[in-house]
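Down below is the structure, laid out as structure tokens.
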Amino acid sequence: MASISGAIDIVSEGLSEHQAPGTKINVWFTGHSLGTALATLAYSKALVNAEDFPENVILRDAYLFATPITVDMPTRYHFDDKMFVRDSGVPRTMWRVTNRNDFVATGLPALGDDDKYTFDENNLFGFSHLGIEIFMKTGPLASNVKGNRVKAYGNFDVHITSKFTQDEIIAQRQLAERDGLTLWKVYGALQYIPLIGRLAAHATVNYYDQLDQIALLPCVDRE
């Protein structure tokens with residue numbers, strides 16, 4: 001994390017040289033698979049230790065794709081305390097984006113995601129994810145959301161939005177398909193094969209393809 005905060009320090013300083021005095025630099029975290037596991041831990045530490053960053057840096061959201069389980073339940077509770085308490089004028093959320101039944105994101109025991117269970121700290125079944133999970137669906141179906149009913153912090157609805165309209169997104173997809181710029185259908189079809197499909201769903205290219213087909217709608221609660 002020291003190297004990450006150091007890199008942010010250097011980049012933010014360089015960006016500030018080309019901005020008006022006092023301009024804030026927004027920082028988002030992202031990643032896929034192993035990269036998203038590391039981003040989860042780095043973002044969590046940044047959230048807890050905001051003093052590691054320069055005063056002109058604002059920590060914003062994390063957008064994490066194909067996120068595995070990373071922490072135990074006490075760590076998740078501590079993260080929620082920092083994430084959802086209203087101690088900042090800057091809203092921030094860790095979003096976990098999942099494609100279908102991606103094995104890395106959904107295949108390992110994650111009973112620690114559910115508060116109704118109690119586990120010893122050394123129990124391998126007690127590990128959990130962090131943040132709010134978005135299960136992407138192909139439009140016109142609405143995507144699903146899990147984790148937005150955070151106990152003691154209140155409930156909130158999740159909406160998929162874009163600077164483009166839904167009609168513009170559909171038109172862009174149709175144009176890309178016409179020009180042969182979209183994923184070959186055979187690759188997408190692999191995701192429907194039992195077992196193999198869960199591994200295929202993890203591929204970065206299938207995440208890109210599914211993001212291109214998501215509907216701009218309120219998410220349906222999966223809990």
[X] versus [Y]: any side-chain heavy-atom pair under 4.5 Å?
X    : Y    : result
L41  : V71  : yes
I134 : C219 : yes
K137 : I160 : no
D209 : R173 : yes
R198 : T106 : yes
R96  : K146 : no
P218 : D157 : no
M94  : S44  : yes

Following the transitive rule for hydrophobic clusters with a side-chain heavy-atom cut-off under 4.5 Å over Ile, Leu, Val, Met, Phe, Trp and Tyr, establish whether [X] and [Y] coincide in one cluster.
X    : Y    : value
W28  : V97  : yes
I170 : L141 : no
F65  : V158 : yes
I193 : V205 : yes
F79  : I69  : no

Side chains of Q191 and N99: do they bring a donor and an acceptor to under 3.5 Å? yes
Closest approach of [X] and [Y], non-hydrogen atoms and distance?
X    : Y    : answer
S33  : P68  : O-CD, 3.9 Å
I4   : A42  : CD1-CB, 3.6 Å
L111 : Y117 : O-CD1, 3.6 Å
L59  : R92  : O-NE, 3.1 Å
A66  : V104 : O-CG1, 3.9 Å
I214 : Q166 : O-NE2, 3.9 Å

Please assess S12 against V27 for the test side-chain contact (heavy atoms from CB on, under 4.5 Å), listing each intermediate value before the final yes or no. CA-CA 9 Å; S12 63; V27 174; 5.9 Å; no
Going through the checks in order, is the side-chain contact (heavy atoms from CB on, under 4.5 Å) test met by K45 and V48? CA-CA 5 Å; K45 189 174 188 301; V48 174; 5.8 Å; no
Let me know which of I196, L199, L195 forms a side chain to side chain contact (heavy atoms under 4.5 Å, CB included) with F103. L199
For the [atom1] atom of [X] and the [atom2] atom of [Y], what is their distance to the nearest 0.5 Å?
X    : Y    : atom1 : atom2 : answer
L216 : T165 : CG    : OG1   : 8.0 Å
L64  : I132 : CG    : CD1   : 12.0 Å
F53  : I58  : CZ    : CD1   : 12.5 Å
D212 : M136 : CG    : CE    : 11.0 Å
K185 : L190 : NZ    : CG    : 13.5 Å
D61  : W95  : CG    : CH2   : 7.0 Å

Do side-chain atoms of [X] reach the backbone of [Y] as a donor and acceptor pair under 3.5 angstrom?
X    : Y    : answer
S162 : F164 : yes
N206 : A200 : yes
D113 : H129 : yes

I need the full list of ring-ring contact (aromatic ring centres under 6.0 Å, His included) pairs touching residues 192-220, with sequence neighbours left out, sorted by first then second residue. H32-H202, H32-Y207
Partners meeting side-chain hydrogen bond (donor to acceptor under 3.5 Å, both in side chains) with T70 (sequence neighbours left out): none
Tell me, please, which residues at least two apart from N26 pass side-chain hydrogen bond (donor to acceptor under 3.5 Å, both in side chains). R60
Just say parallel, tilted or perpendicular for the rings of Y43 and F29, cut-offs at 30° and 60°. perpendicular
So does E13 have more than 12 non-hydrogen atoms from other groups sitting under 6.0 Å from CD? no
